[in-house]
Each structure stands twice: as C-alpha cells, then as structure tokens.
Amino acid sequence: QVQLVESGGGLVQPGGSLRLSCAASGFTLDNYAMVWFRQAPGKEREGVSCITRSDDVDFNTYYEDSVKGRFTISRDNAKNMVYLQMDSLKPEDTATYYCAAPSTPVAGCANLFLGRYLEVWGQGTLVTVSS
C-alpha cells in the first residue's frame with residue numbers, strides 16, 4: 001500500500017523550531033521529487049518546499065518566499081524519509097502541513113509546487129505557532 005505519514009507537528013512559541021518528518025511506504029521515495037504543502041484555516045493550500053530527486057543533475061531545493069532562510073527540506077533515501085526543518089517560526093506559519101509525492105518520477109518541482117501530478121498525500125500534521 002502506497003502511503004505517506006507525516007509527524008512532528010505541535011505547539012511552539014514564535015521563534016521556535018520544529019522538524020517535520022514524512023515516512024513513505026509502498027514505494028521508493030528516492031525515485032521522486034517530493035513536496036511539502038500547508039493549509040491554514042480559511043486559506044488555500046500552498047506549496048512550501050520541494051526537493052528534487054537525488055539523481056537529478058540539477059539537484060536542488062525550492063522554497064516559498066515567506067519561508068526562505070527559515071525552512072530546510074532534506075531527504076534520507078536510505079530511510080525512505082523526507083524532512084522539513086522549520087526554524088524562526090512565526091504565527092503565520094500556523095497550518096496543517098502535508099507531504100506529497102507525484103505520480104511520475106519525471107515530475108519536477110516547478111509542476112509539484114503548482115499541485116500538478118501529485119498523487120499520494122499524507123494525512124497532515126498540525127503546526128501551531130503561538131505564545
């Protein structure tokens with residue numbers, strides 16, 4: 001069964017840090033670019049960060065402007081995991097965070113950020129930034 005499971009969310013004060021994890025099962029994660037989305041109450045889902053396949057000649061990471069310099073995406077292919085390290089958290093980062101995988105290994109981050117080709121979603125993990 002193809003599945004993604006997020007963990008690591010919680011309540012944190014402004015300026016704090018959290019590390020989100022996304023565990024994949026039923027497929028080999030390193031064959032795919034992977035993306036994190038978030039959805040705040042009353043708002044549309046937005047792409048937060050994306051990481052290309054490890055074997056991509058243009059291996060890279062991408063971030064939504066508001067999280068650049070504060071969030072770091074990484075992958076551990078041996079563990080079939082993707083992570084999102086979130087530092088200097090702000091109240092506006094409060095949202096449910098989802099990891100997602102595409103339906104095809106050739107889908108790159110430009111398309112994934114737009115929500116294209118995404119086939120597998122986790123159940124989400126809630127991040128609340130509040131004092």
Side-chain angles (χ1 to χ4, degrees):
Q1 181 182 2
V2 174
Q3 193 175 13
L4 294 171
V5 178
E6 303 95 337
S7 61
L11 173 64
V12 63
Q13 292 187 342
S17 297
L18 283 174
R19 187 195 195 204
L20 305 184
S21 300
C22 172
S25 60
F27 70 105
T28 303
L29 189 146
D30 65 355
N31 290 336
Y32 300 88
M34 294 292 295
V35 64
W36 284 94
F37 275 78
R38 67 184 178 187
Q39 187 165 22
K43 294 188 177 181
E44 292 188 357
R45 185 178 62 192
E46 65 174 354
V48 176
S49 183
C50 184
I51 187 167
T52 59
R53 291 169 44 173
S54 300
D55 63 354
D56 192 324
V57 293
D58 294 318
F59 176 77
N60 214 332
T61 56
Y62 298 89
Y63 300 92
E64 191 269 329
D65 285 345
S66 70
V67 307
K68 284 180 181 177
R70 300 188 298 120
F71 289 12
T72 304
I73 190 171
S74 62
R75 62 193 305 156
D76 185 334
N77 294 328
K79 295 182 178 179
N80 230 25
M81 300 280 291
V82 175
Y83 305 98
L84 186 67
Q85 177 68 40
M86 305 187 298
D87 299 317
S88 302
L89 282 161
K90 303 175 181 180
E92 51 263 42
D93 295 318
T94 295
T96 299
Y97 285 71
Y98 302 88
C99 64
S103 57
T104 169
V106 301
C109 284
N111 279 308
L112 300 190
F113 252 93
L114 295 174
R116 297 172 180 164
Y117 306 113
L118 292 172
E119 184 171 89
V120 184
W121 290 83
Q123 84 290 348
T125 186
L126 178 62
V127 172
T128 303
V129 184
S130 176
S131 55

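Excluded from the calculations below are hydrogen atoms, water molecules and symmetry mates; all remaining heavy atoms, backbone and side chain alike, are included. These numbers come from a predicted model, not from an experiment.
In this structure, OH in Tyr63 is found 4.5 Å from OG in Ser49, a value given to the nearest 0.5 Å. Taken from OG1 in Thr61 to CZ in Phe71, the straight-line distance is 13.5 Å, to the nearest 0.5 Å.
Within a 6.0 Å sphere centred on CD of Glu92, heavy atoms belonging to other residues, nucleotides or ligands number more than 12.
Of the residues listed (Lys68, Arg70, Glu64), the one engaging Ser66 in a side-chain hydrogen bond (donor to acceptor under 3.5 Å, both in side chains) is Glu64, and it is the only one.
With salt bridges taken as basic N to acidic carboxylate O contacts below 4.0 Å, none links Lys90 and Asp93.
Residues Ala107 and Ala33 share a closest heavy-atom pair of O-CB, 3.7 Å. Across Trp36 and Ile73, no two heavy atoms sit closer than the pair CD1-CD1, 3.6 Å.
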Acceptor/donor pairs from residues 76-88 side chains to any protein atom, 3.5 angstrom cut, sequence neighbours excluded:
{"unit_1": "Asp76", "atom_1": "OD1", "unit_2": "Ala78", "atom_2": "N", "d": "3.2"}
{"unit_1": "Asp76", "atom_1": "OD1", "unit_2": "Lys79", "atom_2": "N", "d": "3.2"}
{"unit_1": "Asn77", "atom_1": "OD1", "unit_2": "Arg75", "atom_2": "NE", "d": "3.0"}
{"unit_1": "Asn77", "atom_1": "ND2", "unit_2": "Ser54", "atom_2": "OG", "d": "2.7"}
{"unit_1": "Asn80", "atom_1": "OD1", "unit_2": "Leu29", "atom_2": "N", "d": "2.9"}
{"unit_1": "Asn80", "atom_1": "ND2", "unit_2": "Ala24", "atom_2": "O", "d": "3.1"}
{"unit_1": "Asn80", "atom_1": "ND2", "unit_2": "Phe27", "atom_2": "O", "d": "2.9"}
{"unit_1": "Gln85", "atom_1": "NE2", "unit_2": "Asp87", "atom_2": "OD1", "d": "2.9"}
{"unit_1": "Asp87", "atom_1": "OD1", "unit_2": "Ser17", "atom_2": "OG", "d": "2.7"}

Can you give me every donor-acceptor pair (side chain of residues 118-131, partner residue at least two apart or in another chain, under 3.5 Å) with its distance?
{"unit_1": "Gln123", "atom_1": "NE2", "unit_2": "Glu6", "atom_2": "O", "d": "3.1"}
{"unit_1": "Thr125", "atom_1": "OG1", "unit_2": "Gly9", "atom_2": "N", "d": "3.0"}

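Linking ILVMFWY side-chain heavy atoms closer than 4.5 Å, directly or via other members, places Val48 and Tyr32 in a single hydrophobic cluster. A chain of hydrophobic side-chain contacts below 4.5 Å, direct or via other Ile, Leu, Val, Met, Phe, Trp or Tyr residues, connects Val2 to Met34. Linking Ile, Leu, Val, Met, Phe, Trp and Tyr whenever their side-chain heavy atoms come within less than 4.5 Å leaves Leu112 and Tyr62 in two separate clusters.
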